[in-house]
Amino acid sequence: MNIYIKKMGCKVNEYEASSLMTSLKEYGHTEVATPEDADLAIVVTCAVTNEAEAKSRQMVGSITSKNPHVKIIICGCSSQNNPTQYESKNNVVAVFGMNKLDIISFVQNMQNECQFEPKCYISETYEDYTSPQMDKTRHFVKIQDGCNNFCSYCLIPYVRGRSRSRALNDIIEEIKQAQKASKEVVLTGINVSDYRTDCGETFVDLIKALQDIDIRLRISSIECNVITRELLTELQKCKNFCPHFHLPLQSGANQTLKDMNRHYNTEQFLEKVSLIREYFPNCAVTTDVIVGFPTETDADFEETLQTIKAAAFSDIHAFAYSERSGTAISKLKKPLDSKMIKERKVKMLALKKELHHAFLMAHIGKTASMLTENVKGNYIVGYTKEYIKVLLPKDKACCSQVVEVELTEISGDAMLGKLIE
């Protein structure tokens, strides 16, 4: 059977979708690049925002418009959150939730024109996926699923379930296999910080086990409360660690953080940023910020700007608040005026640009290890260990190489690189 798979949302969805497709190929099915060529389409949905959920619904219509005869299976966070929104869609033959592994047996036994009841349970243990095909320069490795934090704006604990972690040895084995085809691995999950196996192994234990791997090691995102001297000491021992710390702040105002049910205050967060730079002086520290949280006052927003300046982030992912029905805050507060949110986001993006420029300026003239990834125009594009985007003349190197470059000047949101022979 020819199968088209559409991945919406985060890197965890991408990992799970790739794993699912790898398993289906083992049963003799073929992956196709477009829905027009497919007998079956699988849509891995997202529900992190209202917009993401709407795009997931729209994707079903887009696929059927391109291929009126294709059968469609729905799975992922959006269908876990509300399966009924997909049941009446044309060509949908099954709706799953987070239980993507059940799709394999379903496909093997799929009948022609049947409508099936939604299968939307959440596993209480870590589901072992087949490692996806390792054909990319940067390989993502899922180490954990679920979340116990219950931030007041977030649906993830309700659709992904409680935190559960993958066996340490399975992670190590996948990374060993990745070394054969990839140049960098990224540890990813819903809440990587909460990695803790049934045997009691922690995130620090995982880092210790990965210190001698012959591949660049990157962490996708990590909560500030896991940053300790012990962890940073062990990361220093990793010979291929990429010193880029993505610490979600979400708000730089203490009252807003409390309303969000985040488990730290701004003083504690800034202490963690300072501690990171004590161990990794030239590292990148990036963040996520939600603009326009329902309880955010003008004073709270200004406090957030000041906290961000104090942290001197190298980059910021700024998101306008998106109400999600079913979350704690949606039951208590209405969203702020959309015009106000847009105005605040404009200010946040201006600060993002200023801080990112300052970070790049500080790296002019420095040498860096660059992973070359793809060609764009006259340049090969890649990233340093600090996740600085670099443009290198394409006649100087090939893709999927680690090369040493001198960072010579800023070009937009990137830097120009000069190959060090």
Glu87 and Val92: CA distance, side-chain angles, deciding distance, side chain to side chain contact (heavy atoms under 4.5 Å, CB included) verdict:
CA-CA 7 Å; Glu87 289 179 301; Val92 171; over 6 Å; no
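- Of the possible donor and acceptor atoms, one in the side chain of Thr372 sits under 3.5 Å from a partner among the backbone N and O of Cys398.
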Before you tell me yes or no, could you show the steps for Asn99 and Glu127 under side chain to side chain donor-acceptor pair (under 3.5 Å), namely the whole-Å CA-CA distance, both residues' side-chain angles and the distance that decides it to 0.1 Å?
CA-CA 9 Å; Asn99 48 322; Glu127 293 181 295; over 6 Å; no
Worked verdict on Ser369 versus Glu404 for side chain to side chain contact (heavy atoms under 4.5 Å, CB included):
CA-CA 5 Å; Ser369 173; Glu404 293 298 309; 3.4 Å; yes
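- For the atom pair Glu343 CD and Met340 CE, the distance stands at 7.5 Å (nearest 0.5 Å).
- Within a 6.0 Å radius of CD in Glu124, no more than 12 heavy atoms belonging to other residues, nucleotides or ligands are found.
- Checked by atom type and distance alone, the side chain of Thr188 never pairs as donor or acceptor with a backbone atom of Val12 at under 3.5 Å.
- The aromatic rings of His317 and Phe319 stand perpendicular to each other, their planes meeting at an angle above 60°, with 30° marking the opposite boundary.
- Taking each heavy atom of Gly252 and Thr304 in turn, the nearest pair found is N-OG1, 3.0 Å.
- Counting heavy-atom neighbours within 6.0 Å of Lys55 NZ, excluding the residue itself, gives a total of 12 or less.
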Can you check side chain to side chain contact (heavy atoms under 4.5 Å, CB included) on Glu271 and Leu275, steps first, answer last?
CA-CA 6 Å; Glu271 285 175 4; Leu275 186 61; over 6 Å; no
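- Side-chain atoms of Asp194 do not come within 3.5 Å of backbone N or O of Cys147 as any donor-acceptor pair.
- You'll find the side chain of Lys347 reaches within 4.5 Å of the side chain of Glu302, heavy atoms only.
- A salt bridge does not link Asp145 to Arg166: none of the charged nitrogens lies less than 4.0 Å from a carboxylate oxygen.
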Could you go through the side chain to side chain donor-acceptor pair (under 3.5 Å) check for Thr286 and His244 one step at a time?
CA-CA 8 Å; Thr286 58; His244 170 210; 2.9 Å; yes
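- Note on Asp315 versus Lys352: salt bridge recorded, some NZ/NE/NH1/NH2 to OD/OE distance being below 4.0 Å.
- Across all their heavy atoms, Thr22 and Gln133 have their closest contact at OG1-N, 3.1 Å.
- The local environment of OH in Tyr379 is sparse, with at most 12 non-hydrogen atoms from other residues, nucleotides or ligands closer than 6.0 Å.
- Scanning all heavy atoms of the two residues, the minimum distance from Met370 to Val381 falls at CE-C, 4.0 Å.
- Between Phe269 and Tyr264, the two ring planes are tilted [angle within 30° to 60°].
- In this structure, Gln80 contributes its side chain and Met98 its backbone to a donor-acceptor pair below 3.5 Å.
- Between the side chain of Ser274 and the backbone N or O of Leu270, no donor-acceptor pair lies under 3.5 Å.
- When atom types are taken as modelled, the side chain of Ser56 and the backbone of Cys46 share a donor-acceptor pair closer than 3.5 angstrom.
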Can you check salt bridge (charged side-chain N to carboxylate O under 4.0 Å, His left out) on Asp298 and Arg344, steps first, answer last?
CA-CA 9 Å; Asp298 288 340; Arg344 289 179 183 175; 2.7 Å; yes
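- With 3.5 Å as the limit, one finds a donor-acceptor pair spanning the side chains of Asn254 and Thr266.
- A donor-acceptor pair shorter than 3.5 Å cannot be found between the side chains of Ser78 and Asn81.
- Enclosure of atom CG in Asp395 by more than 12 non-hydrogen atoms of other residues, nucleotides or ligands within 6.0 angstrom is indicated.
- Side-chain N/O atoms of Gln177 and Lys180 include a donor and acceptor closer than 3.5 Å.
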Working note: Glu230 + Thr233, criterion side chain to side chain contact (heavy atoms under 4.5 Å, CB included); need CA distance, chi angles, decisive distance, verdict.
CA-CA 5 Å; Glu230 181 186 18; Thr233 298; 5.8 Å; no
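- Listed here is the closest heavy atom pair of Ala41 and Ile63: CB-CG2, 4.0 Å.
- In this structure, Thr287 contributes its side chain and Leu247 its backbone to a donor-acceptor pair below 3.5 Å.
- Checked for salt-bridge contact, Glu173 and Lys176 miss the test: no charged N lies under 4.0 Å from a carboxylate O.
- In the model, Thr297 has a side-chain atom that pairs as donor or acceptor with a side-chain atom of Asp300 under 3.5 Å.
- Salt-bridge annotation for Lys353 and Asp413: absent, with no side-chain N of the basic residue lying under 4.0 Å from a carboxylate O of the acidic one.
- One finds a salt bridge joining Glu184 and Arg138 here, because a Lys/Arg side-chain nitrogen approaches an Asp/Glu carboxylate oxygen to under 4.0 Å.
- Within the model, atoms NZ of Lys89 and CE of Met59 stand 12.0 Å from one another, a figure rounded to the nearest 0.5 Å.
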Go through it in stages, so that I can follow the logic: the residues are Glu201 and Ser165, the test is side chain to side chain donor-acceptor pair (under 3.5 Å), and I'd like the CA-CA distance, side-chain angles, deciding distance and then a yes or no.
CA-CA 10 Å; Glu201 295 156 323; Ser165 298; over 6 Å; no
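- Side-chain atoms of Gln144 come within 3.5 Å of backbone atoms of Asn191 as a donor-acceptor pair (strictly under, hydrogens ignored).
- Under 4.0 Å is where a charged nitrogen must lie from a carboxylate oxygen, and between Arg229 and Glu278 at least one such pair does.
- Residues Glu174 and Phe140 come closest through the heavy atom pair OE2-O, 3.9 Å.
- Arg324 contributes a side-chain N or O that, together with a main-chain N or O of Ala47, makes up a donor-acceptor pair within less than 3.5 Å.
- Atoms CD1 and CG, on Ile172 and Leu206 in that order, are 7.0 Å from each other to the nearest 0.5 Å.
- Separation of atoms CG (Leu20) and CD1 (Ile5) is listed at 4.5 Å; rounding is to 0.5 Å.
- Summarising the geometry, atom CD1 belonging to Ile316 is positioned 8.5 Å from atom CG belonging to Leu349; distances are rounded to the nearest 0.5 Å.
- For the pair Thr64 and Asn90, the tightest heavy-atom approach, listed with the atom from each and the gap, is CG2-O, 3.6 Å.
- Side-chain atoms of Gln85 and Glu53 include a donor-acceptor pair closer than 3.5 Å.
- Atom OG in Ser62 sits 14.5 Å away from atom CZ in Arg57 (nearest 0.5 Å).
- Two residues are said to be in side-chain contact when any heavy atoms from C-beta on lie closer than 4.5 Å; Tyr129 and Lys100 meet this criterion.
- Using modelled atom types and a 3.5 Å distance limit, the side chains of Glu51 and Thr49 yield no donor-acceptor pair.
- Using cut-offs of 30° and 60° on the angle between ring planes, the pair Phe280 and Phe245 is tilted.
- Between the side chain of Thr137 and the backbone N or O of Ser182 there is no donor-acceptor pair closer than 3.5 Å.
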Checking side chain to side chain donor-acceptor pair (under 3.5 Å) for the pair Thr256/Asp259: CA distance, chi angles, key distance, verdict?
CA-CA 5 Å; Thr256 309; Asp259 295 339; 5.5 Å; no
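- Heavy atoms from other residues, nucleotides or ligands lying under 6.0 Å from NZ of Lys25 number more than 12.
- Arg262 has a carboxylate O that lies under 4.0 Å from a charged side-chain N of Glu223, or vice versa, which qualifies the two as a salt bridge.
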